[in-house]
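Protein chains get the first letters and strands the later ones, always in sequence-line order, with residue 1 at the start of each.
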Amino acid sequence: MERGKLVEWLVTPGDYVRRGDVMATVDTEKTVMEVESFEDGVIAELLAAPGETLAVGAPMARITPTPATVTATPVTAPAGIPVAQAEVEAEREHTTPSPGAGTPSATPPVRRLARGLGLDLTRITGTGRGGHVTRADVERAAARQRHDAGSVRPVRISPRARRLAGELGIDATTVAGTGPRGAVTGEDVLRAAREKEPADVDDRPGAPRGPGPVTAPAPAPPDTGQRATALRRRIGTLMSRSKKTIPHYYLGTTIDLQAAVAWMHAVNAQRSVSARLVPAALLLKACALAARQVPEVNGFYTEARFRPSQAVHLGVAVALREGGLVAPAIHDADTLTVDQLMERLRDVVTRARTGHLRRAEIADPTLTVTALGELGVDTVYGVIYPPQVALVGFGRVRERPWAQDGMLAVRQSVTATLSADHRVSDGLRGGCFLDLVDEMLQRPEDL
Amino acid sequence: METTYREAMRTAIREALLQDDRVFLMGEDVGAYGGCFAVSLGLFEEFGPERVRDTPLSESAFVGAGIGAALNGMRPIVEIMTVNFSLLALDQIVNNAATLLHMSGGQFNVPLVIRMTTGAGRQLGAQHSHSLEGWFAHVPGLRILTPATVEDARGMLWTALEDPDPVLIFEHGSLYNLSGELAEDAGPVDIHAAAVRREGGDVSLITYGGTLPLTLEAADRLAAEGIEAEVLDLRTLRPLDDAAILATVVKTHRAVVVDEGWRSGSLSAEISARITESAFYELDAPVARVCSAEVPIPYARDLELAALPSAERVVAAAREAVGGGG
Amino acid sequence: MNEHEARAAVYAATSQVAPDVETQGLDDRSRLRQDLELDSLDFLALVEHLARHAGVDVPEGDYGRVGTVASLIAYVAEHA
């Protein structure tokens, strides 16, 4: 996740918030989630408006420690604005044309300076003794000339801004610059790109907004459709990156689930509906335990090296009913009991579907598991979520013919696959992982 | 352990003399007098005149002798009092030490280490105050080191001695009294990578040697204004750590090069060129440079200060680069 | 519970679990998993909803008997 769109504020300035309180909801690349306060304090100022797209880490609000400081510290406008205005005023004063007349006198060096700058001495008003044109007068005139030329303002655009503008389809000459001498910087272009994105469904085709180029925004589809389209595009981007950068290899094995399913039925028979287990809980637990023993599948590949993770945060691929999927994390899945894991699974899936995931849940799975096969297919060949290094797929749990000890039987089974990053592991270690999953599922009571 | 740059350097020389009997130190007044900057104080008494050798005032002769000793299996450490005087040995350094491996078809390495003081700021006048390390960094066949911290003063020498080819170590005169915390077990350090001395995301301040302290001070002041500067200490001027320079510029999109050398034809020019060559499309502002005024370094205190890079000038250049300087 | 009440209970549970499913005019032959795309957790939530609001407990052993909207309505009508 790199940026998110602020959906709504749940606090207003003056509200007291505690660390962990939900302050806002943000629509990210994958889902809508809640933003929590990292501090105790009072909301002094909201820095972003609903509809605005923000980079991760961008300030959203200012929180001050106590109510006293809110009044003590006036809310300051972003530095630079008053300064810039002051400078404009000063420049105007400088360049107020003073009506001038008379034959100018000037020393030879000043004449040479004027000639060098292409200035006509007779058009410069001298402020020296007897209307004498001084060096300062010439320099002011030169500044004025530059300023006048500014009305056909040559736009300064940084190389990075130019590149980003090209990539994002932004006309950089229409972007307000905040860089050195008003140059358009990369940040300015990124901001313009964010503003250009349809902010909400109120965007009507052809309605020009602000000083930007008059380009008709795409017709706004209904909200869910639009969100699904955006989600689809983002999944596309992420998965393309995965397939471009990660050398995937795939392993698969069919696992006998007779014992696991029988155990689960026995447990569920004793329980009320709300406490029942689903096979996915057992599969997840087995993966979490196996990941602890095969660290090559659990962690992140960043900056050209693999950083294994001590903790096992299992990403659970959740299909959204309007299309698309998210994979929020169940933290420290290896340390949870099957019942706890089941509870977390239900909780996280429900919240993923209602759009109330927390930032950490989206950001940090160390290994993702998908059980897409529930709806029918036997085998899932997954695409790894970068920067993770593996994805485990489970097909449909169902009865299959099973040969064992020279006999043919009908047993519950599932096909487990592993997609893994060849930069980090080889088939042997990947195979170890699937073997361990298999082994653990034979002893469901120990999970 | 609290120590100074000078003591760290002395510890490094002493350790080298103890560990390898092929190592010896020679230069003007390094023996009985203890070194013009007191780096070798006490070593003459400890190791005797064979291994801590006073030389006549002829840089060409004693650097040449060092090259000869290195060719014959010794590991000489040659001290030249200041970089200005190294020009008297330029022929030996550039035409002999740097070229022999190449010209002998790879037969003769020159495992020589030359240490010298560089830089201004102590009212020693134009004869003793210039920063010419950028010149030496121009020459293939030499490795150029600029320790700027007590760790590097302590650790670079041994690694340099292990290098089979000539290594020049530039010690900025203003750093000798720099004190800092040094681990009890501090030892050799690498001599190929630049080091990020402070992390930041808004602008990269790229420097080395004597200007590191003022650059870090500038970064502190910028932080007070809300500008987070990253400070990159190059450590090695040849070969330059291109990857580190690129990485910081890609991160911040703005660079200010701080170099006490003169601006024209300088190392700062080289760094600026490399940034535009390899990271042009990452830049949000022109690469800025803070260098010494293009005059022989003045003797008078105020004039000398006015000629040299200062934290104020670095702050101003960084502000300009981020767009806050108008 | 008569068939009408059972239908209302099943529709209410379905709307809760899968708000996008239009229960008006829902084909009784729709299969819960394949056609309504309920996964095991959705199905569990559906069963839980029926237990809480209609008082019908569908034990796991009977899951196979309630694969379609029609069979679920019939099951609820029978067991409530």
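For C/Asp57 and A/Arg276, the salt-bridge test passes: some basic side-chain N is under 4.0 Å from an acidic carboxylate O.
Put simply, the side chain of A/Arg400 gets close to the backbone of A/Ser413: a donor and an acceptor are under 3.5 Å apart.
Ranked by heavy-atom pairs under 4.5 Å with chain A, the list C/Pro59, C/Ala51, C/Gly61, C/Pro19 is led by C/Pro59. If you tally non-hydrogen atom pairs under 4.5 Å between each of A/Ala269, A/Ala281, A/Ser274 and chain C, the highest count goes to A/Ser274.
Only the side chain of C/Val21 comes within contact range of chain A, with at least one heavy atom under 4.5 Å from a heavy atom of that chain. The contact between A/Met342 and chain C is made entirely by side chain atoms (from C-beta outward), counting heavy-atom distances below 4.5 Å.
A cation-pi arrangement is present between C/Arg33 and C/Phe43, with the terminal nitrogen or guanidinium carbon under 6.0 Å from the aromatic centre and inside a 45° cone about the axis.
Atom CD in A/Gln258 sits 10.0 Å away from atom CH2 in A/Trp402 (nearest 0.5 Å).
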